[in-house]
Amino acid sequence: MMLRSSSTIAATSVGVCHTQRLWSHSVTLNYRLSQFAGNPLLSNSAFVKWKRNIGSSNKNNRFRMATKALAQPLQNADELIDSVETFIFDCDGVIWKGDSLIEGVPETLDMLRSKGKRLVFVTNNSTKSRKQYGKKFETLGLNVNAEEIFASSFAVAAYLKSIDFPKDKKVYVIGEDGILKELELAGYQYVGGPEDGGKKIELKPGFLMEHDEDVGAVVVGFDRYFNYYKVQYGTLCIRENPGCLFIATNRDAVTHLTDAQEWAGGGSMVGALVGSTQREPLVVGKPSTFMMDYLANEFGISKSQICMVGDRLDTDILFGQNGGCKTLLVLSGVTTLPVLQSPNNSIQPDFYTNKISDFLSLKAAAV
């Protein structure tokens, strides 16, 4: 049976009943728990913690599906701002588009900081490290510290640390430089990455491809150097190395490499490995709760005091809902108002607005 990811389930069309969605969601979660149970690379404490978090998330999701009202336009920004301590912002489509800053962002961030709000920036893009993203913020004229940035490349290293992944094991990377830099900073050995992008397989009679038996995890992220060599190498590690983990930075269907059109996202690379291994990955990026749990623990804040702001329903908004946070959808990126209000859309944020600079203009008098 092919199991679907939580993001796929959340986006299931209106023709599929809620009971079917919940059943499929439960099966996927149980499957992920089965990956932990009996896996020699995962500690018992990590398994228990993950199981507890997943159980809580599953219960919250059932409640939300049964009671979630349609999203309301944001009318009183001050009320929302005063009700939370921390704002988590997605980046592309919220803070910038490609290499261009979205209008009003600097003033909005300055206003929130002046009110004592903690700002965190979370992106599923794994091609850059936290330090590299810091340079992008700086180039765009934004004063953001590396400690405020959480890319899915960093989430990979943080996850491996959280489960006490053995330092004598290696990580095979299907992805780009950001993942390599974060693994290196965390002290993990890795193989693969962009340098495998030029490797080819000569399919001649009797050819047997060898792989490193010390690889204990295969990480798949967005990869512009993706090829058949990487698919086969990752597949061999996952299927033949005992206890080898299969980790995905995200399963985003599309990404924005240019402002002219949408391009195949990291989910296409992950899907290739799912097809060849017949295994589902453990996702550390949005909408998985791992990064939300990490942020809450890192800053010592209650999730009910967080507002997740994003432009994607199936990653950003679902990420916030899975974590028990308030959610605000901005229409400055991927999601349009017709998509939000479509009867085929089952993911409803608490509020929606055009862009984050609406925080500056939507005051109580607008109600």
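What's counted below: heavy atoms across the whole structure, side chains too, no hydrogens, waters or symmetry copies. We count residues from 1, following the sequence as given.
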Could you check whether Lys286 pairs with Asp252 (Lys NZ or Arg NE/NH1/NH2 to Asp/Glu carboxylate O, under 4.0 Å)? no
Which pair of heavy atoms, one from Pro281 and one from Val270, lies closest together, and at what distance? CG-CG1, 3.7 Å
I'd like to know if the side chain of Ser332 reaches the main chain of Gly93, judged simply by a donor and an acceptor atom lying under 3.5 Å from each other, with no hydrogens or angles considered. yes
For residues Ile95 and Phe137, report the shortest heavy-atom separation together with the two atoms involved. CG2-CE2, 4.3 Å
Using 4.0 Å as the upper bound for N to carboxylate O, is an ion pair formed by Arg312 and Asp90? no
So, for Val284 and Met291, which heavy atoms are closest and what is the spacing to 0.1 Å? O-CG, 3.5 Å
Measuring from atom SG of Cys307 to atom CG of Leu328, what distance do you get when rounded to the nearest 0.5 angstrom? 5.5 Å
The residue among His211, Glu213, Lys169 that forms side chain to side chain donor-acceptor pair (under 3.5 Å) with Asn241 is His211
Quick one: which residue pairs count as a salt bridge (charged side-chain N to carboxylate O under 4.0 Å, His left out) with a foot in residues 218-231, not counting sequence neighbours? Glu176-Arg224, Asp223-Lys230
Rounded to the nearest 0.5 angstrom, the OH-CD1 distance for Tyr172 and Ile238 is 10.5 Å
Without swapping roles, check the side chain of Ser114 against the backbone of Met111 for a donor-acceptor pair under 3.5 Å. yes
For the pair Phe226 and Ile174, evaluate side chain to side chain contact (heavy atoms under 4.5 Å, CB included) and give the outcome as yes or no after the intermediate values. CA-CA 7 Å; Phe226 192 68; Ile174 300 176; 3.7 Å; yes
Using atom types as modelled and distance alone, determine if a side-chain donor or acceptor of Thr139 lies under 3.5 Å from a backbone N or O of Lys135. yes
Under the criterion ring pair (Phe, Tyr, Trp, His ring centres under 6.0 Å), I'd like the reasoning laid out for Tyr133 against Phe154: C-alpha separation, chi angles, the key distance, then a yes or no. CA-CA 11 Å; Tyr133 268 111; Phe154 172 77; over 10 Å; no
May I ask you to decide if Thr327's main-chain N or O and Asp350's side chain share a donor-acceptor pair within less than 3.5 Å? yes
Test your reading of the model: is there a side-chain donor-acceptor pair from Tyr188 to the backbone of Glu182, 3.5 Å cut-off? no
Hey, is the main chain of Ala146 close enough, under 3.5 Å, to the side chain of Arg130 for a donor-acceptor pair? yes
Can you confirm whether Ser346 sits close enough to Leu313 that some side-chain heavy atom of one is under 4.5 Å from a side-chain heavy atom of the other? no
Is a donor from one side chain sitting under 3.5 angstrom from an acceptor on the other, for Gln132 and Asp177? yes
Closest non-hydrogen atom pair between Cys237 and Cys244, with its separation: O-CB, 3.4 Å
Thr289 side chain to Asn322 backbone, donor-acceptor under 3.5 Å: no
Give the minimum heavy-atom separation between Ser162 and Phe290, together with the two atoms involved. OG-CE1, 3.8 Å
Between the side chain of Asn124 and the main-chain N/O of Asn250, is any donor-acceptor distance below 3.5 Å? no
Please give me the minimum heavy-atom distance between Asp316 and Gly310, naming the atom from each residue. OD2-CA, 3.5 Å
Could you check whether any side-chain heavy atom of Ile247 comes within less than 4.5 Å of a side-chain heavy atom of Leu160, counting everything from C-beta outward? yes
Output yes when Arg118 and Glu85 qualify as a salt bridge under the 4.0 Å nitrogen-oxygen rule, no when they do not. yes
State whether the side chain of Asn345 and the backbone N or O of Leu340 hold a donor-acceptor pair below 3.5 Å, judged by distance alone. yes
Hey, does the Lys NZ or Arg CZ of Lys170 hover above the aromatic six-ring of Tyr190, less than 6.0 Å from the centre and inside 45° of the axis? no
Just grab all the salt bridge (charged side-chain N to carboxylate O under 4.0 Å, His left out) pairs involving residues 188-205, residues at least two apart or on different chains. Asp196-Lys199
Any donor-acceptor N/O pair, Glu148 side chain to Asn145 backbone, under 3.5 Å: yes
